[in-house]
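Along the sequence shown, residues are numbered consecutively beginning with 1. Remember, it's a predicted structure, so these values are computed and weren't measured experimentally. Heavy atoms only: backbone and side chains are in, while hydrogens, waters and symmetry mates are out.
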Amino acid sequence: MTTLLAPFVAPSRTGDAWFFAGLTSSFPNLIESGVDVLHEPRLCGDGESVPGCKVFQIPSGDVSQARQVEGEEMTLYNGVALQDQVLIFQYKGRFHAVDNKCPHSAFPLAKGTPFDIEDFGVVLSAGIHCPKHGWSFDLFTGSADRSNYTLRRWEVQLRPVEKPEIEASGGEKANKDIQEVWVRRKQRIG
């Protein structure tokens with residue numbers, strides 16, 4: 001009987017494994033709607049100047065080969081290089097992970113700006129604006145403000161730090177609010 005059911009068992013997908021993107025304290029919390037360009041440096045929790053986002057190159061077959069893309073490489077306008085990149089940032093206290101490539105123009109969204117989607121002053125959702133042609137995408141649904149383009153979203157999970165006994169500089173215990181940020185490709189259903 002197991003041979004009859006075997007065709008209905010989904011194969012394991014190694015490319016859908018979780019990968020560690022950093023501690024929550026390493027992501028600046030962007031709070032200004034429509035003002036902050038993601039890749040521009042700003043002060044982070046420890047006083048260090050860091051970009052407002054992180055970009056990782058994730059080979060589609062093996063997430064263990066993930067590497068962080070830094071500097072000008074994360075904003076280069078090269079559709080092929082952007083193919084397997086994920087953009088991770090914190091906007092108004094919530095972490096988002098989306099493809100770094102605009103689905104409309106293959107432009108790096110690390111040059112984009114997060115903003116609130118409002119209706120008569122009521123915040124309904126959050127979006128990201130691509131500066132190449134002015135298109136915007138909802139960060140929760142991935143849908144575009146024009147046409148049928150959809151921004152691919154990734155799953156984000158905040159986990160407690162494995163070793164909370166790590167001491168911060170100055171001898172005091174590390175902040176208990178700091179968590180680990182883990183990301184993976186969204187699972188397909190069906």
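- With hydrogens and angles disregarded, a donor-acceptor distance shorter than 3.5 Å links the side chain of Gln90 to the backbone of Phe27.
- The closest side-chain heavy-atom distance from Val63 to Gln65 is not below 4.5 Å.
- Listed here is the closest heavy atom pair of Gly134 and His129: CA-NE2, 3.4 Å.
- Contact of the Phe19 side chain with the Ser64 side chain is not registered, since no non-hydrogen atoms from C-beta on lie closer than 4.5 Å.
- Of all the heavy atoms in Ala110 and Leu38, the pair that sits closest is O-CB, 3.4 Å.
- Gln83 is listed as a side-chain neighbour of Lys101, based on a closest heavy-atom distance under 4.5 Å.
- Judged by a 6.0 Å distance limit and a 45° cone about the ring axis, Arg159 is positioned over the six-membered ring of Trp18.
- Side-chain atoms of Asp138 and Ser143 form no donor-acceptor pair, as typed in the model, at a separation below 3.5 Å.
- Of all the heavy atoms in Ser147 and Trp135, the pair that sits closest is CB-CH2, 3.7 Å.
- In this structure the side chain of Thr24 reaches within 4.5 angstrom of the side chain of Phe95, judged on heavy atoms.
- Remark: of the listed residues Leu109, Ile58, Val69, Val69 is the sole one forming a side-chain contact (heavy atoms from CB on, under 4.5 Å) with Gln85.
- Connection of Leu139 to Val123 is not established within any shared hydrophobic cluster, with ILVMFWY side chains joined at heavy-atom distances below 4.5 Å, either directly or through further cluster members.
- Two different hydrophobic clusters hold Phe115 and Phe140 under the rule that ILVMFWY side chains link at heavy-atom gaps under 4.5 Å.
- Nearest approach of Ser26 to Val50, heavy atoms of both residues: O-CG2, 4.2 Å.
- Once rounded to the nearest 0.5 Å, the distance linking NE2 of His104 with NZ of Lys132 reads 9.0 Å.
- The nearest pair of heavy atoms linking Pro59 to Asp84 is CA-OD2, 4.4 Å.
- Atom SG of Cys102 and atom NZ of Lys111 lie 13.0 Å apart (nearest 0.5 Å).
- Proximity of a side-chain donor or acceptor of Asp145 to a complementary backbone N or O of Ser136 within less than 3.5 Å is detected.
- Minimum interatomic distance between Asn29 and Gly93 (heavy atoms only, all atoms of both residues): OD1-N, 2.8 Å.
- The NE2 atom of His39 sits 11.5 Å away from atom CG of Leu87, with the distance rounded to the nearest 0.5 Å.
- No side-chain heavy atom of Thr141 sits under 4.5 Å from any side-chain heavy atom of Leu151.
- The aromatic rings of His96 and Tyr91 sit tilted relative to each other, their planes meeting at an angle between 30° and 60°.
- Residues Val86 and Val181 share a single hydrophobic cluster, defined by chaining ILVMFWY side chains whose heavy atoms lie under 4.5 Å apart.
- Under a cut-off of 6.0 angstrom, the local environment of CG in Asn148 is sparse, with at most 12 non-hydrogen atoms contributed by other residues, nucleotides or ligands.
- A distance of 9.5 Å separates SG of Cys53 from CD1 of Ile88, quoted to the nearest 0.5 Å.
- Taking OG1 from Thr113 and CG from Leu30, the interatomic distance works out to 10.0 Å, rounded to the nearest 0.5 Å.
- In terms of hydrophobic clustering, with Ile, Leu, Val, Met, Phe, Trp and Tyr side chains grouped at heavy-atom distances under 4.5 Å, Tyr149 and Ile128 are assigned to a common cluster.
- The side-chain heavy atoms of Leu23 and Glu180, taken from C-beta on, include a pair separated by under 4.5 Å.
- A distance of 5.5 Å separates CD of Gln57 from CZ of Arg67, quoted to the nearest 0.5 Å.
- Around the CZ atom of Arg94, the shell of radius 6.0 Å holds no more than 12 heavy atoms that belong to other residues, nucleotides or ligands.
- For the pair Lys54 and Phe89, the cation does not sit on the ring face, since its NZ or CZ is not both under 6.0 Å from the ring centre and inside 45° of the axis.
- Within 6.0 Å of atom CG in Leu124, more than 12 heavy atoms from other residues, nucleotides or ligands are found, so the atom counts as buried in its surroundings.
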What verdict does the side-chain contact (heavy atoms from CB on, under 4.5 Å) test give for Glu70 and Val55, after you've listed the backbone C-alpha separation in whole Å, the side-chain angles of each residue and the deciding distance to 0.1 Å? CA-CA 7 Å; Glu70 297 181 291; Val55 175; over 6 Å; no
Kindly indicate, with the supporting measurements, whether the criterion salt bridge (Lys or Arg N to Asp or Glu O under 4.0 Å) is fulfilled by Asp99 and Arg153. CA-CA 7 Å; Asp99 278 354; Arg153 297 160 294 120; over 6 Å; no
